[in-house]
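First listed ligand is number 1; within each ligand, the first listed atom is number 1. Everything numeric in this text was worked out from a predicted model, so none of it was measured.
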Amino acid sequence: MNKKVIALLLITAMLMASITGCGSSSLGDADLSKMKVGVCIYEFSDNFMTLFREELEDYLIDQGFSRENIIIVDAANNQETQTEQIDKFIADKVDVLIVNPVNTSFAETITNKAVKARIPLVYINREPDAAEEERWQDNGWNVTYVGNDARQSGTFQGEMIIELGLETVDLNGDGVIQYIMVEGDPESNATRYRTEYSVKALTDAGFQVECLSNQVGNWQQDQAQQIVADALEQYGNDIEVVFCNNDAMALGALQSIEAAGRTVGTDIFLVGVDALSEALENILAGKMTGTVFNDHITQSHMAADAAITFINGGTNAYYIDSGYVKVTSDNVQKILDMVK
Ligand code: GAL
């Protein structure tokens, strides 16, 4: 074979690798200590994302990146701020971008910027929609999402209530589960899915449900505390279940439940998502019904691994999922040992 043919074969092989885009391969062996990582977080004050970003930074350093080359910025829940931060990272020629988008519907613009600058992009935590993910695949771009399918966490929340049995949860004996829902930030797909799938699990199992109140708590403990205090004042003993889209809000809910003289597990039931250690301690003490482990350790490691694969010229699957775990008093100690 002459040199031209060999070169052509090589280019074809490289193109095929980038088009298939599945599996992961590590081609090069870059000096990670010289590589720059730009990390954009939607909101530093978010409890779960704080655990995530701290673990991500530590793990990147363990893999060989220098601390000064890992730049982590806070968008303070403002998409405009985040867009400016991404533009700056691109101008500074970072080697890889890890983005927790403020607004998932803005992902198309973010992707276009990264692709144009030829910078690989790893989305974390907030999943862009299916059409956007297909675009990465159709174009063979170095873009991926690392996180979870939020539908599963909602289903698990519903299942934990189902597993208690209708006789236990239906405190007023009317054959209907009366609940309140405290929702996360409306910009996040996790909010939509957890709200929908927690209740869907109940109705799929043949339970009748009645939503007494549905309010946005923006993932924040203090907002949830107020929402649940108001709901308890308005609906009192009619409330049988409190669904919170995350644990920070469940902790706020618990403060108001206790202040109202109600007792979780006896005259009200409470579930969250994330498995924050404080929530796990409450499950252990019987003060929360359950939560769903949102594994920030595995997710942050998978995100860093995907970034390293891209830096080394390899490809990643377009969707990388760590899976959720249901947490009740049965397995809470095991999860607590993992996160502590
Ligand atoms: C969710 C998590 C929430 C919040 C949100 C931010 O996965 O359960 O607590 O951190 O991500 O997007």
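Under 3.5 Å, the side chains of Asp230 and Gln226 contain a donor-acceptor pair of N or O atoms. A side-chain N or O of Asn148 and one of Ser322 form a donor-acceptor pair less than 3.5 Å apart.
With ligand atoms numbered from 1 in the order given, ligand 1 contributes 2 (C), 9 (O), 10 (O) to contacts under 4.0 Å with heavy atoms of Phe48.
Surrounding CD of Glu233 are at most 12 heavy atoms belonging to other residues, nucleotides or ligands under 6.0 Å away.
An N or O contact shorter than 3.5 Å is missing between Asn245 and ligand 1 by distance. Of the polar atoms of Ser188, none of the N or O atoms is found under 3.5 Å from an N or O of ligand 1, judged by distance alone. For the pair Asn294 and ligand 1, the shortest N or O to N or O distance falls below 3.5 Å. In terms of polar-atom proximity, Trp219 is not counted as a contact of ligand 1, lacking any N or O under 3.5 Å from an N or O of the ligand.
Although no hydrogens or angles enter the test, the distance criterion places no donor-acceptor pair under 3.5 Å between the side chain of Glu57 and the main chain of Phe52. Side-chain atoms of Gln225 never come within 3.5 Å of backbone atoms of Ala253 as a donor-acceptor pair (strictly under, hydrogens ignored). Here the side chain of Asp46 pairs no donor or acceptor atom with the backbone of Tyr42 at under 3.5 angstrom.
If you look at Arg194 next to ligand 1, the close heavy atoms, those under 4.0 Å, all belong to the side chain.
Given atom 4 (C) of ligand 1, the protein heavy atom at minimum distance is Asp46 OD2, 3.3 Å. Ranking protein heavy atoms by distance to atom 6 (C) of ligand 1, first place goes to Asn125 OD1, 3.3 Å.
Contact annotation: Tyr42 has at least one heavy atom less than 4.0 Å from an atom of ligand 1.
Aromatic ring centres of Tyr145 and Tyr319: separated by under 6.0 Å.
Nearest residue to atom 2 (C) of ligand 1 from Val102, Ile41, Asp274, Asn77 is Asp274 (criterion: closest heavy atom).
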